[in-house]
Amino acid sequence: MHEHETATDKLRIIMGDEGLARLQTATVMVFGCGGVGSSCVEALARGCIGKLVIVDKDVVAPSNINRQAIAFTSTVGRRKIDVMSGMIADINPLCTVIARDAFVLPENLEALMSDCLAACNGSIDYIVDAIDTVSTKLALAAYAQEHDIPLISSMGAANKLHPECLHIADIHDTSRDPLSRIMRKECRRRGIRHLTVLYSDEEPVRTAKREPGRERTELGTASFMPPIMGQMIAGEVIRRIAGVSC
């Protein structure tokens with residue numbers, strides 16, 4: 001019944017032959033295989049991206065199961081890049097995967113990018129930032145600006161519950177998001193003129209303090225928010241690369 005079907009049939013209808021060809025020859029690099037990153041990578045693999053570079057140092061933890069595409073009771077304790085690589089291969093065997101087990105810091109970003117660019121014949125078409133560390137997010141934004149590589153950066157999903165409040169915008173046009181506020185200030189300070197981000201303008205849910213006497217509150221994450229954010233970022237990347245509905 002399905003013998004003449006292929007995995008690209010439905011995508012070809014909406015992307016066209018040329019758009020599909022662009023996707024199949026594109027290289028996308030994703031920093032972070034957590035809640036946002038793992039769902040983004042999954043959608044990119046299903047979207048026929050030809051080469052995926054994935055970077056993460058973490059292993060799957062029990063607390064990841066509520067939101068991460070690679071987190072199951074059977075994968076707890078395994079390296080995220082290994083589980084992610086296996087998922088990509090199962091979805092799209094034609095996709096080339098370059099995996100790096102690395103914790104990215106501003107001081108090692110340049111060397112990591114040089115290594116990955118060398119593995120990609122010197123060309124990366126798009127970068128996705130799905131990491132949590134502000135200093136590294138800023139270093140990545142500066143690198144992308146300096147090397148003229150399109151980048152989209154995920155802002156925070158913690159303590160947010162309403163996907164309808166998510167927006168793709170320039171960092172300098174964001175509002176009502178704590179992480180975006182920090183990033184805006186630091187981008188201005190560092191001369192980062194433009195940075196495309198996915199952010200939520202929802203007022204964060206108020207949660208209890210972590211410990212008596214400490215100001216910082218506990219951060220919680222809904223099962224649906226990071227995956228939706230990852231899918232939205234993948235959608236932006238796929239549309240841009242294919243050249244449709246941008």
Completion exercise
Across all chains, not counting sequence neighbours, the ring-ring contact (aromatic ring centres under 6.0 Å, His included) partners of H147 are Y143
Handout entry: Qualifying salt bridge (Lys or Arg N to Asp or Glu O under 4.0 Å) pairs with a residue from residues 103-129, counting only residues at least two apart or across chains
Key = R100-D115, D129-K137
Practice task
Could you pull out all residues at least two apart from R206 that satisfy salt bridge (charged side-chain N to carboxylate O under 4.0 Å, His left out)?
Solution key: none
Completion exercise
When rounded to the nearest 0.5 Å, the distance separating CG of L20 from CG of L23 is 6.0 Å
Problem - Side-chain heavy-atom pair P150, I127 within 4.5 angstrom cut-off - result: no
Problem - Partner set under side-chain hydrogen bond (donor to acceptor under 3.5 Å, both in side chains) for Q231, not counting sequence neighbours - result: none
Handout entry: Note, M225 side chain near L161 side chain (heavy atom, < 4.5 Å)
Key = no
Exercise for the section: Any salt bridge (Lys or Arg N to Asp or Glu O under 4.0 Å) involving residues 142-163? Give me the pairs, sequence neighbours left out, ordered by first then second residue. Expected result: K160-D177
Fill in the blank from the handout: Only residue of D56, D101, D58 satisfying salt bridge (charged side-chain N to carboxylate O under 4.0 Å, His left out) with R79 is D101
If you look only at distance, which donor and acceptor atoms sit under 3.5 Å apart when one is on a side chain in residues 63-70 and the other is two or more places apart or in another chain?
residue: N64; atom: OD1; partner: A61; partner atom: N; Å: 2.7
residue: N66; atom: ND2; partner: T221; partner atom: O; Å: 2.8
residue: R67; atom: NH1; partner: S63; partner atom: O; Å: 2.8
residue: Q68; atom: OE1; partner: K80; partner atom: NZ; Å: 3.3

Handout entry: Single-linkage hydrophobic cluster I149~V104, side-chain heavy atoms < 4.5 angstrom
Key = yes
Fill in the blank from the handout: Here the salt bridge (Lys or Arg N to Asp or Glu O under 4.0 Å) pairs for residues 162-175, sequence neighbours left out, are none
Problem - Pairs meeting criterion side chain to side chain donor-acceptor pair (under 3.5 Å) with involvement of residues 31-55, two or more places apart - result: E42-R46
Exercise for the section: State, yes or no, whether a side-chain contact exists between M232 and M229 at a heavy-atom distance under 4.5 Å. Expected result: no
Practice task
Tell me whether V76 is reachable from V59 by hopping between hydrophobic residues (I, L, V, M, F, W, Y) whose side-chain heavy atoms are closer than 4.5 Å.
Solution key: no
Problem - Qualifying ring-ring contact (aromatic ring centres under 6.0 Å, His included) pairs with a residue from residues 158-193, counting only residues at least two apart or across chains - result: H167-Y199
Handout entry: Donor-acceptor contact present, side-chain N159 to main-chain P204, <3.5 Å
Key = no
Practice task
Could you point out which residue of L151, V28, I54 forms a side-chain contact (heavy atoms from CB on, under 4.5 Å) with V128?
Solution key: V28
Exercise for the section: Scan residues 93-131 for pairs that pass ring-ring contact (aromatic ring centres under 6.0 Å, His included), counting only residues two or more places apart or in two chains. Expected result: none
Exercise for the section: Could you walk me through whether E202 and R176 pass the salt bridge (charged side-chain N to carboxylate O under 4.0 Å, His left out) test, one step at a time? Expected result: CA-CA 7 Å; E202 174 188 356; R176 298 181 68 190; over 6 Å; no
List the atom pairs, donor and acceptor, that lie under 3.5 Å between side-chain atoms in residues 85-97 and the rest of the protein, sequence neighbours left out.
residue: S85; atom: OG; partner: I81; partner atom: O; Å: 2.7
residue: N92; atom: OD1; partner: L94; partner atom: N; Å: 3.2
residue: N92; atom: ND2; partner: A45; partner atom: O; Å: 3.4

Problem - ILVMFWY network linking F224 to V205, side-chain heavy atoms under 4.5 angstrom - result: yes
Exercise for the section: Would you check if V53 and F31 make a side-chain contact, meaning some heavy-atom pair closer than 4.5 Å? Expected result: no
Practice task
Go through the side-chain N and O atoms of S135 and T133 and say whether any donor and acceptor fall under 3.5 Å apart.
Solution key: no
Exercise for the section: Check whether any side-chain heavy atom of L198 lies under 4.5 Å from a side-chain heavy atom of M155, and answer yes or no. Expected result: no
Problem - Set of side chain to side chain contact (heavy atoms under 4.5 Å, CB included) partners for F72, sequence neighbours left out - result: S74, T75
Handout entry: Verify same cluster id: L140, L117 (apolar side-chain graph, 4.5 Å)
Key = yes
Handout entry: In one Ile/Leu/Val/Met/Phe/Trp/Tyr side-chain cluster, 4.5 Å: V237, M113
Key = no
Problem - I98 vs L52 side-chain heavy atoms within contact, under 4.5 Å - result: no
